[in-house]
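Inspection log for the structure reproduced underneath, given as structure tokens.
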Amino acid sequence: MDIDKLVRPNIRNLKPYSSAREIHSGMNGIFLDANENALEPVYGVGLNRYPDPLQHHVKTKLSQLKQVPAEQIFLGNGSDEPIDLLIRAFCEPGRDEILIPSPTYGMYQVCADINNVGVKQVDLSESFALQVDAMLEAISDHTKLIFLCSPNNPTGNLLEKAGIRKIAGRFKGLVVIDEAYVDFAEEPGWLPEREQYENMVILQTFSKAWGMAASRVGMAFAGSAIIGILNRIKYPYNVNGLSQEAVLNALDYSEKKTYLVNRILEEKKWLYDELSRLKSVETIFHSDANFLLVRFKDARQIYREMLKKHILLRDRSNHPLTRNCLRITVGSPEENKILINYLKERDI
Ligand SMILES: *Cc1c(COP(=O)(O)O)cnc(C)c1O
């Protein structure tokens, strides 16, 4: 696949902003090139210097953990940044479109809308499976990107690999697999298979299992041609120094992430069991993520009642496939108990 043919011509021909620091990524020296305050920061340590624009140290460590070469990794201000950059790099405003299943993560539509890029949606099945043939039929000459979220937000399920293989094999644009919740799933994700598909981009994040949401660091894994394009159009210092340091340190404790994931999965089981005893609950859908999608007899009513108790749930009842459904994040043991107690109190 010729990525250069797929990318918007203005992006292909772009001469990116280049900082001397970029060529020097990860190296030491006397830096008189960027008009920083060379003395010291008013607050903190090392904050007087611009951060490494290509996040060399983080990528080196991440490369070992993920078994992916550093030049096939992009780091962004959350994984929301690569979502936006992919749309801006590959979709011509007012002409091109993205294809997404529905319901799914809202940011694909928002980023497309901001960029005046069309959005074609194909409903998932009643059991939230990808409708592969309908997706393939919905592809037009102007479809440049397909976003597939697996495990899917808000439905919680992994999308079937066979269907994604079929789509990735046939589609002439990019297939972006958003694996924000993959650490909570029992199956391995798409990283081991990615190299078989030149058109595949995998998104992961430090915001969920790693517990680093405030640091705003997301990852994209793809062939070096695609990664090169993202690097050309990002803000030069898109991942700030504090965040780079935070995730660099977090990467030394990946076994703690595993430990936290296991604890969250135990809590999920507890929450599932408790919810399943409630009369107001109709269905709890299978979840491969750190949240449960729950169909209630009257979701809006419960949503409002819990809000009065200062418990925020996500109301997903507006979509026909998730009618009367609330998405409930697995909280801490204390938070989950409080929620269940309130739900029991009003469960008539
Ligand atoms: C939470 C989430 C993200 C993460 O976004 P960040 O910008 O990395 O915090 C990405 N995709 C999906 C589907 C999510 O639910």
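Whatever order the structure lists ligands and atoms in, that order sets their numbers, starting from 1.
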Consider ligand 1: state whether an atom of it lies below 4.0 angstrom from any non-hydrogen atom of [X].
X      : value
Cys149 : yes
Phe206 : no
Arg216 : yes

Test item: side-chain donor near acceptor, [X] and [Y], under 3.5 Å:
X      : Y      : value
Thr155 : Asn157 : yes
Gln72  : Ser224 : no
Asp123 : Gln131 : no
Asn262 : Glu266 : no
Asn153 : Asp178 : no

- Task: Identify, for atom 11 (N) of ligand 1, the protein heavy atom at the shortest distance, and state residue, atom and that distance.
- Result: Asp178 OD2, 2.6 Å

- Which residue and heavy atom of the protein sit nearest atom 15 (O) of ligand 1, plus the separation: Tyr181 OH, 2.6 Å

Which atoms of ligand 1 are found less than 4.0 Å from any heavy atom of [X]?
X      : answer
Ala180 : 2 (C), 3 (C), 10 (C), 11 (N), 12 (C), 14 (C)
Gly78  : 6 (P), 7 (O), 8 (O)
Ser207 : 6 (P), 8 (O), 9 (O)

- Message: Can you see whether Trp190 has Lys161 sitting over its ring - NZ or CZ less than 6.0 Å from the centre and within 45° of the normal?
- Response: yes

- Answer yes or no: is there a donor N or O on one side and an acceptor on the other, between the side chain of Glu335 and the main chain of Gly331, under 3.5 Å? no

- Message: Test your reading of the structure: does Asp80 have an N or O sitting under 3.5 Å from an N or O of ligand 1?
- Response: yes

- Message: Test your reading of the structure: does Ser79 have an N or O sitting under 3.5 Å from an N or O of ligand 1?
- Response: yes

- Query: Considering only heavy atoms, does Lys208 approach ligand 1 within less than 4.0 Å through its side chain, its backbone, both, or neither?
  - Reply: side chain

- Task: Flag yes if more than 12 heavy atoms outside Asp252 fall under 6.0 Å of its CG atom; otherwise flag no.
- Result: yes

